[in-house]
Amino acid sequence: MKDKLNTLNDRIQEAHLGGGEVRVQKQHAKGKLTARERVELLLDANSFEEIGMFVTHRTTDFGMEKEIYYGDGVITGYGTVSGRLVYVFAQDFTVFGGSLSETHAEKICKIMDMAMENGAPVIGLNDSGGARIQEGVRSLGGYADIFKRNVHASGVVPQISAIMGPCAGGAVYSPAMTDFTLMVENTSYMFVTGPNVVKTVTNEQVTAEELGGASTHSTKSGVTHLTAMHDVDCIQKIKKLLSYMPQNCEQKPFKKHYTVGDEERLKLKDIIPESANQPYDMRDVVEQIVDQDSFFEIHESYAENIIVGFSRIGGRSVGVVGNQPMSLAGCLDVDSSKKAARFVRFCDCFNIPLLVLVDVPGFLPGTDQEWNGIIVNGAKLLYAFSEATVPRVSLITRKAYGGAYDVMNSKHIGADMNYAWPSAEIAVMGAKGASEIIFRKEIAAAKNSEKKLAEKEKEYATKFAHPYRAAQRGFIDEVIDPKDTRVKLMKAFAMLENKVAKLPKKKHGNIPL
Ligand code: HXC
């Protein structure tokens, strides 16, 4: 028995070294942690239980039978984060560039199946050169096995992907199908085809960073939801993200203890500028409304005309969606609609109530928007809100014009409680545009057409540039003093805590993709 234990310990030591000490040092020299260090950092101390430590690949082509490493380039298992069960895989770049072989894929699939059966999140720490080239179609099949599981797990358990090194080819599609992707600045890349292939095929000269670095994917493509300065920052952000989510779609998010205190927020009285065209930062409104320091913004630098993120109100997890007047005057466009729709759907999957802050002059006009499909993309957000069955509360702070009024969680598409500040303006369009259309003849016939337009504008504004018409019809439940906003929202979310709403029976809807 003693000999057998010695053999076991030798093997464990070998498995822990993965591709060997030199390669571990190489990983550190690049400013990256090893796969094992990442797992240790992510999970609560001593909670990690490894599964499949001694798995090796089965390839004999290209002399591969001589290159055998325990674990085959991926560490898999389970453990806890803040006491909550999670399943984790961490690719080891020091073994064949973290590339995915048939057995590497089998290990990932095994923990994904367990995560589904036991209702706990899956966290993938990705660092991979894609399909293991020496294995051909077997590695492609391995990817497809993972992709199918990503889709089946979608909406059942949260899936989070951290990109912590180069991820090429198939290595990017699994993260793309998970709920959230984080990228580490300067050490991670995501692309379907790398700079060399791009140069050969299109003659474009581009660096890996420009093509698929964290900055590119957090600003231009929106592929990544969060960026991190380094590996440690990335892992801390994963833990924070998890803290707002439940374990699975059958559960509610964990509620933090909260003691009610002075909930009046006097600062909210002065947030809306005098002039209707002057911008203000919707984040300032969010900060005043949610529990202190609880706002965790997602997709911060992408489609900045809408803000989305997690927060807590009275200790309860709440997803926040808000128009941002600081960017494009808060108009909805293609990218902001896609960004918000995806966030709304995540919250709806995992029973996270939604707070929607509205200040929207309408959809962004122009050929660029029309030709890029604002119709079908705007419809995504409309669809996402309309199908969401979680508690939904709206607050109109200023403008709610045209179709965008309907889209932004209006009463008509199923919001539960709709509040407005006295500064709200709810109408088909702004007073000037509206007067120019409906009083066109009268204005043209007037001696002083400018004066006439101003008169008509005033008349229209008096009729519609306020929330009381909407409140008369019950489309707004209450017009509130801004300082009372937090109290009203705390009460509303508490009242809606046990909401049950069902959609008509169907296989699945057909969101305009
Ligand atoms: C086998 C691989 C590998 C791969 C890297 N390695 N990628 N081995 N299969 N896919 C090995 C290298 O041979 C090298 O081994 C070690 O990993 C480190 O790689 P380097 O190139 O030295 O590292 P670096 O310079 O940092 O470049 C990383 C990289 C590059 C950008 C990821 O390795 C690369 O371009 N790899 C190929 C990417 C790719 O085209 N993958 C296949 C995609 S097709 P040694 O022994 O020298 O240390 C695909 C299809 C799936 O994924 C489609 C599903 C939809």
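What you see is a predicted model; the values in this text were computed from it and never measured. Both counts, for ligands and for their atoms, begin at 1 and track the order of listing. Note that these values count all heavy atoms, side chains included, but never hydrogens, waters or copies made by symmetry.
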- Query: Just checking, any donor-acceptor pair under 3.5 angstrom between side chains of E135 and T59?
  - Reply: yes
- Note on the structure: So OG of S243 and NZ of K256: to nearest 0.5 Å the spacing works out to 6.5 Å
Short N or O contacts of ligand 1 with protein, under 3.5 Å, listed by atom name?
residue: ligand 1; atom: 9 (N); partner: I133; partner atom: N; Å: 3.1
residue: ligand 1; atom: 10 (N); partner: G129; partner atom: O; Å: 3.1
residue: ligand 1; atom: 10 (N); partner: A131; partner atom: O; Å: 2.9
residue: ligand 1; atom: 17 (O); partner: G97; partner atom: N; Å: 3.0
residue: ligand 1; atom: 41 (N); partner: G129; partner atom: O; Å: 2.7
residue: ligand 1; atom: 46 (O); partner: R23; partner atom: NH2; Å: 3.4
residue: ligand 1; atom: 52 (O); partner: A131; partner atom: N; Å: 3.0
residue: ligand 1; atom: 52 (O); partner: G170; partner atom: N; Å: 2.7

- Item | Which residues share a side-chain hydrogen bond (donor to acceptor under 3.5 Å, both in side chains) with T181, sequence neighbours left out | none
- Task: Quick one: list whatever passes ring pair (Phe, Tyr, Trp, His ring centres under 6.0 Å) with Y405, sequence neighbours left out.
- Result: H412
- Message: Given D231, which partner from the list K237, K32, R38 fulfils the salt bridge (Lys or Arg N to Asp or Glu O under 4.0 Å) test?
- Response: R38
- Message: Under the rule for side-chain contact (heavy atoms from CB on, under 4.5 Å), what residues qualify as partners of V55, not counting sequence neighbours?
- Response: T103, K107
